[in-house]
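As structure tokens, the structure follows; a few thoughts come after it.
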There are 2 protein chains.
Amino acid sequence: MAHPSLPKEEVVTRLLQVFRREGYDGASLARLSAATGLGRSSLYHHFPRGKEDMAEAVLTLSRSRVVSLVLEPLAAPGPARDRLVAMAEGFGEFYESGEAACLIELFGVGTTGTQFIPYLTNSIASFVGAISAVLIEAGQPEALARRRAEDAIIAIQGSLVLARASGSTAVFHRILAELPDRLLG
Amino acid sequence: MAHPSLPKEEVVTRLLQVFRREGYDGASLARLSAATGLGRSSLYHHFPRGKEDMAEAVLTLSRSRVVSLVLEPLAAPGPARDRLVAMAEGFGEFYESGEAACLIELFGVGTTGTQFIPYLTNSIASFVGAISAVLIEAGQPEALARRRAEDAIIAIQGSLVLARASGSTAVFHRILAELPDRLLG
DNA sequence: GTCTATAAGCAGATAGAC
DNA sequence: GTCTATCTGCTTATAGAC
């Protein structure tokens with residue numbers, strides 16, 4: 001295999017899988033290399049600053065998936081409830097039905113990975129903003145809408161933690177299913 | 001310094017601080033040595049299997065703190081609300097007012113740390129069991145009590161994640177303050 | 001129970017051939 | 001755009017003196 005190999009998005013997808021499984025510290029170049037089928041040096045060709053660049057690419061890809069799976073459904077036309085249901089489905093897909101760790105857990109711990117936190121802060125704020133916009137549109141006062149939106153994100157992240165701790169994704173699915181009703185009150 | 005040095009509990013407390021700051025993978029022997037003031041070899045004297053034994057000691061210490069800060073207040077005599085308020089305070093102290101990461105985040109990611117998950121599964125189950133016992137005692141049907149107890153743990157863990165992502169512990173404190181009312185309905 | 005010294009391996013990263 | 005070879009530093013872990 002001495003040429004183009006995989007399309008870049010597929011490469012980044014595989015990097016994402018490794019980061020999700022191993023965390024930032026645990027994602028060694030050896031593993032990243034094995035997962036992509038690219039030698040160490042090839043990885044450096046595509047990502048000159050090494051792991052740091054790979055993490056950035058992974059976060060950029062995640063961001064675009066979040067936009068299409070969660071934010072766009074929330075901004076789409078239609079009844080509030082339908083949009084919230086679509087959002088819940090989008091979260092389910094993004095987190096691979098609860099099997100995948102949230103990115104904050106992966107990058108928020110340790111020394112090196114911490115530099116990416118601002119990136120994630122931004123995503124959280126987007127979620128809260130987009131959800132509360134739907135609730136305000138549905139007639140809720142702004143303060144209540146924002147609090148409920150924040151509670152929804154808390155419940156999603158918390159249930160992901162419990163899912164990993166318990167070895168079962170049931171709790172994650174329960175939270176997703178309840179989301180629309182909880183948000184609409 | 002060529003003798004007893006620190007009491008063992010103090011050593012383990014410092015190890016806990018490092019694990020919490022760096023995660024399992026990021027907690028190198030160099031850092032663990034610096035934090036405790038013990039040389040690498042002294043650490044191996046106290047913890048023959050190295051990091052693995054240190055992590056186990058850290059989890060055991062955490063477990064005993066959780067018992068005295070959270071589980072005992074829940075099991076104490078007195079009105080349900082008072083016990084739930086005491087529990088919320090205990091969680092606040094255990095998680096250092098939201099500054100500290102939850103242990104599942106630290107040990108649940110990566111390859112090596114994962115072996116400790118059963119330990120944490122157990123703690124989660126204890127929380128849910130102890131909280132729902134209080135709620136049942138207060139007259140709630142068992143299924144509702146268990147669901148609310150689980151929701152409470154989810155909210156705590158989720159708010160810790162958001163606290164780290166946002167750089168502010170405000171959300172963690174809000175959740176703790178609301179806990180008793182939410183649980184009692 | 002502490003220390004110094006050292007081993008063996010893997011981490012991230014680079015140079016240069018093809 | 002891929003590869004092989006190599007480098008430096010840090011990782012865990014051990015041996016043995018005091």
Side-chain angles (χ1 to χ4, degrees), chain A residues 1-59 61 106-107 109-116, chain B residues 1-59 61 106-107 109-116:
Chain A
M1 303 176 195
H3 260 247
S5 81
L6 297 160
K8 187 136 184 175
E9 176 161 344
E10 176 60 25
V11 168
V12 179
T13 299
R14 297 199 186 184
L15 294 176
L16 169 61
Q17 288 164 355
V18 177
F19 278 112
R20 273 189 157 164
R21 210 172 31 237
E22 314 285 351
Y24 186 84
D25 286 338
S28 69
L29 288 200
R31 282 179 216 271
L32 295 164
S33 169
T36 54
L38 271 60
R40 263 169 259 252
S41 299
S42 302
L43 283 176
Y44 276 96
H45 174 76
H46 294 287
F47 308 97
R49 288 179 312 159
K51 246 171 101 164
E52 218 173 320
D53 276 351
M54 295 183 223
E56 211 170 293
V58 158
L59 287 169
L61 174 68
L106 302 178
F107 291 96
V109 161
T111 336
T112 336
T114 305
Q115 62 185 302
F116 298 104
Chain B
M1 303 177 193
H3 260 249
S5 81
L6 296 158
K8 187 136 183 174
E9 174 161 345
E10 176 61 23
V11 168
V12 179
T13 298
R14 298 197 186 186
L15 295 176
L16 170 61
Q17 288 164 355
V18 176
F19 278 113
R20 275 189 155 165
R21 210 172 32 236
E22 314 284 351
Y24 186 84
D25 285 338
S28 68
L29 287 198
R31 284 179 216 271
L32 295 165
S33 168
T36 54
L38 270 62
R40 266 168 260 250
S41 297
S42 301
L43 284 176
Y44 274 96
H45 175 77
H46 294 286
F47 308 98
R49 290 179 312 159
K51 249 172 97 164
E52 217 173 321
D53 277 352
M54 296 184 223
E56 211 171 293
V58 157
L59 287 169
L61 175 67
L106 303 179
F107 291 96
V109 162
T111 336
T112 335
T114 304
Q115 63 184 300
F116 298 104

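Each chain gets a letter, A, B and so on, in the order the sequences are listed, and its residues count up from 1.
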### Message
By the salt bridge (Lys or Arg N to Asp or Glu O under 4.0 Å) test, which pairs, at least two apart or in different chains, include something from residues 24-33 of chain A?
### Response
A:E22-A:R31

### Query
OH of A:Y44 versus C1' of C:dG16: gap in Å, rounded?
17 Å

### Query
Between B:F116 and B:F107, how do the two ring planes meet: parallel, tilted or perpendicular, split at 30° and 60°?
perpendicular

### Atom-to-atom span, CZ of B:R40 to P of D:dC10 - whole angstrom
11 Å

### C:dA11 phosphate, OP1 or OP2, under 4.0 Å from A:S28 side-chain N/O
yes

Which pairs would a plain distance check flag for residues 34-45 of chain B, meaning a side-chain donor or acceptor within less than 3.5 Å of a matching protein atom at least two apart in sequence or in another chain?
{"residue": "B:T36", "atom": "OG1", "partner": "B:L32", "partner atom": "O", "Å": "2.8"}
{"residue": "B:T36", "atom": "OG1", "partner": "B:S33", "partner atom": "O", "Å": "3.2"}
{"residue": "B:T36", "atom": "OG1", "partner": "B:L38", "partner atom": "N", "Å": "3.3"}

### Pairwise distance CZ(A:R21) to CG(A:L16) - rounded to 0.5 angstrom
10.5 Å

### Task
For B:L43 and D:dT11, give me the distance from atom CG to atom P, rounded to whole Å.
14 Å

### Task
Take atom CD of A:E22 and atom C1' of C:dG12, then tell me their distance rounded to the nearest Å.
16 Å

### Task
Mind calculating the distance between CG (A:L32) and P (C:dG12) to the nearest angstrom?
8 Å

### Message
Heavy atoms from C-beta onward define the side chain here; which of D:dT4, C:dA11, D:dT14 lies closest to that of A:A30?
### Response
C:dA11

### Task
From the options D:dT14, C:dT14, C:dA13, select the nucleotide whose nearest atom is closest to the side chain of A:L29.
C:dA13

### Query
Can you check whether B:S42 has a side-chain N or O nearer than 4.0 Å to OP1 or OP2 of C:dC3?
yes

#### Entry: Nearest-angstrom distance from the residue atom CZ of A:R49 to P of C:dT14
12 Å

### Under 3.5 Å donor-acceptor pair, B:S41 side-chain atoms to D:dA13 base atoms
no

### Task
Could you check which of C:dG12, C:dG1, D:dG1 has an atom nearest any side-chain atom of B:H45?
C:dG1

### Task
Please tell me which of A:L38 and B:R31 maps to the more 5' nucleotide of DNA chain D, matching each residue to the nucleotide holding its nearest heavy atom.
A:L38

### Task
Please state how far atom CG in A:D25 lies from atom P in D:dT11, giving the value in whole angstrom units.
11 Å

### Message
As an exercise, state the distance from CG of A:L15 to CG of A:D53, rounded to the nearest 0.5 Å.
### Response
11.0 Å

### Query
Rounded to whole angstroms, how far apart are CG on A:L6 and P on D:dG1?
13 Å

